Asks: 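One structure, as structure tokens, below. Some questions next.
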Protein chains: 2
Amino acid sequence: MGQPKIRNMEEFANISGISRPTVSKYFNNPESVRTSTRAKIEAALKRYDYQPNVFAMNQNRRTTKNIGVVVPNLADPFFSEIGRRVELACIDAGYSPILLSSHGSPEMERDNLTSLRALKPAGVLLAPFGRMSDVEAVQTFDADFPLVLFDANMSSIGQAFVGTDNAQSVDLMVEYLCRSGEAPCFFEMKSPTNPNANKRRQAYIDSMERHGHVPRIYQADGEGWNFEEIGKVEGGRLLAAKSFETKTILCSNDRLAIGMLSAAYDLGLRVGHGPECDLRIAGHDDHPFSKFTCPPLTTIAQDYEAIANRAVRELFSTLEAENQTKDRSETTFDGRLVMRESA
Amino acid sequence: MGQPKIRNMEEFANISGISRPTVSKYFNNPESVRTSTRAKIEAALKRYDYQPNVFAMNQNRRTTKNIGVVVPNLADPFFSEIGRRVELACIDAGYSPILLSSHGSPEMERDNLTSLRALKPAGVLLAPFGRMSDVEAVQTFDADFPLVLFDANMSSIGQAFVGTDNAQSVDLMVEYLCRSGEAPCFFEMKSPTNPNANKRRQAYIDSMERHGHVPRIYQADGEGWNFEEIGKVEGGRLLAAKSFETKTILCSNDRLAIGMLSAAYDLGLRVGHGPECDLRIAGHDDHPFSKFTCPPLTTIAQDYEAIANRAVRELFSTLEAENQTKDRSETTFDGRLVMRESA
DNA sequence: ATTACAAATTAGCGCGCGTAAATTTTATTT
DNA sequence: AAATAAAATTTACGCGCGCTAATTTGTAAT
């Protein structure tokens, strides 16, 4: 990093002894220039800290190196974790991820897509709200930019979908709970914001029937993203009123389960699979905190890493395919049973 | 939103019956044009969905409408929450926030500052690692861009610092714990990543001495951001060995406390302030999950909203001051005692 | 109606880089 | 050594808007 400030690519080209168009080629793809030329440029880069002006770069390009990453709510550790991995995978591939949270609001999801348009992204990875999303807006966006969905699916939208196989994962949990004790009843929100919730309910019903049990579903009132609060208040109410017909409860997700564990504690109910316990509670997602609940939560771990990497790969393969019409793909990964003390 | 695509500002200016420079003025500040002109432009905007090319806009401007927001780790709910509020405050002010997480790595913090340079941000809000940060890099950045620090302070860096008054907040907690029972001992990490940890330790010592008690500090081994794990393993070890000299433990932050609560549960220790309890545990930060721990965690609530808003305000006042030399300001907000069952 | 001032217009340069076509240089093959 | 292909260079234009200076138009006050 030398002293003299490089003002533009022209100056840098002169200094490195290479013509400007070739330097431009280098920055767009270092592999595209001869090894000896590359060496010269990189030698100059060591001595002077020049980097091309992003704004000028992107102005005349039809597509940039930007990748939009939109998640419904970064305050939810699930999304901050998967968003994080997606972000890092993009950086590794030499792209510039732009991570946007919709803060729990479908309107902001729409706004986020709108602002992304201005950045001419090479592609976008979207974890949509689903039915709550502005479907038309997402469709229009899909028509204009390469789009890959993850976590939540929307039929026929995007070049690909990557997520977890809820049928498999819920069946795995039901199977385990039945094998190790009583068949579970199911606790969820009445109006879930996430389409996975519906898949999980259906998976629960199917699985219970397959095992010869009657499915029993309990739905909590409540809106928004305060899942723990809803789980605690509504779950606690059901527990106090002894409304659950079985002593084994499968929650639609870990955050509800965390709330219910808190309610059970308040009520003096011992949660766990020991003979002295009053209740078994299980969740779904392996939330970062589930390991530290009291007792630690038995749950299904989603394969964050695989989902994030695959989603990014799907997007890049779409980018490479370019004009060839590629079929829409759906990939789901298996959930993994994480046995802890709560069930 | 009409059919014909507007290609550039020239076309849009023709359609709206206004000259291009005036349209340009409008987009840079709608207030700067006459009411009647503004009305004409906005009427045209209703019919045609034109928006200026961001890249062309920012190319010749010395400073953009971008605001960088850098936090050490978005996976930590504390930072995702405060980052969220900062982000929204910037949007309200008509700026484009760019939220970057350093994923727990000081090197990535440096990289984030470097990539921000390319975006010519109007200003940057940084929650630094502190001593772990690349101090020189932060200083250099400070010299080149308006910079406001929040959460963690670094001496003489940035136009302002906004955070919580650890001396006040810890004293408040110590005072409460002493008044309601036994004086606390203090549990923290041996090599904390955050400078607030040091301030809290010192605040604990001062407060204890002021109250006529002997401070007792217990430090956990362990690196990284897995605070809950460290709290559970190391805290659990100390609990099992009955190493704590008192039955009241103040943890340096909620995440450590959450881990320790989990360990206490495993050991069959009853945590709380009732006569039948074995242990009191308190935290600091009012982590979003502290309300749902077993038992719910007594802690200090930081005023997220106030910190975020003030940090943003400090930055904007710096932007407006422009060349006038403004003194560096430090603002700390009081913590609020949140009494729950754990202590 | 005249004046004074603010706002809009016209005209035009420049930003830093992408990109294309034509040409020259370099590397590889026969 | 000559022929061929590949890479680099030269030349030149364009992107969309910021910004300025000089001029004209519009508005409000006298």
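Computed from a prediction, not measured in an experiment: that's the story for all the values here.
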Asks: Please report the distance, rounded to the nearest Å, between CG in A:Asn53 and P in D:dC17.
Replies: 16 Å

Asks: With heavy-atom distances below 4.5 Å as the criterion, would you say the side chains of A:Leu319 and A:Gln159 are in contact?
Replies: no

Asks: How far apart are the closest heavy atoms of A:Tyr50 and A:Leu45, and which atoms are they?
Replies: O-CD2, 3.5 Å

Asks: Starting from P on D:dC17, measure out to CG on B:Asn8 and report it in whole angstrom.
Replies: 6 Å

Asks: The side chain of A:Asn60 is closest to which nucleotide in this list: D:dG16, C:dT19, C:dC17?
Replies: C:dC17

Asks: Could you give the CZ-to-P distance, from B:Arg61 to D:dT20, as a whole number of Å?
Replies: 12 Å

Asks: Under 3.5 Å, is there a donor-acceptor pair between the side chain of B:Ser101 and the main chain of B:Leu74?
Replies: yes

Asks: Where the side chain of B:Arg34 is concerned, which of C:dT19, D:dC19, C:dA8 is the nearest nucleotide?
Replies: C:dA8

Asks: Could you tell me the separation between the CE atom of B:Met9 and the P atom of D:dC15, rounded to a whole number of Å?
Replies: 16 Å

Asks: Side chain of B:Gln59, base of D:dG16: donor and acceptor closer than 3.5 Å?
Replies: yes

Asks: Can you list, by residue number, the residues of residues 12-32 of chain A that have a non-hydrogen atom closer than 4.0 angstrom to DNA chain C?
Replies: A:Arg20, A:Ser24, A:Asn28

Asks: Tell me the interatomic distance from B:Asn58, atom CG, to C:dG16, atom P, rounded to whole angstroms.
Replies: 14 Å

Asks: Using side chain to side chain donor-acceptor pair (under 3.5 Å) as the criterion, list what pairs up with A:Arg84, not counting sequence neighbours.
Replies: none

Asks: Would you confirm whether B:Asn112, through its side chain, and B:Leu100, through its main-chain N or O, come within 3.5 Å as a donor-acceptor pair?
Replies: no

Asks: Looking at A:Ser105 and A:Glu107, would you say the former's side chain and the latter's main chain have a donor-acceptor pair under 3.5 Å?
Replies: yes

Asks: Mind checking what makes ring pair (Phe, Tyr, Trp, His ring centres under 6.0 Å) contact with B:Tyr304, not counting sequence neighbours?
Replies: B:Phe78

Asks: In whole Å, what is the span from the CE atom of A:Met57 to the C1' atom of D:dC15?
Replies: 15 Å

Asks: Please state how far atom CD1 in A:Ile41 lies from atom P in D:dT9, giving the value in whole angstrom units.
Replies: 8 Å

Asks: Would you kindly give the CZ-to-P distance between B:Arg38 and C:dA7, to the nearest whole Å?
Replies: 11 Å

Asks: Over all strands shown, is A:Ser36 touching base, sugar-phosphate only, or nothing at heavy-atom distances under 4.0 angstrom?
Replies: nothing

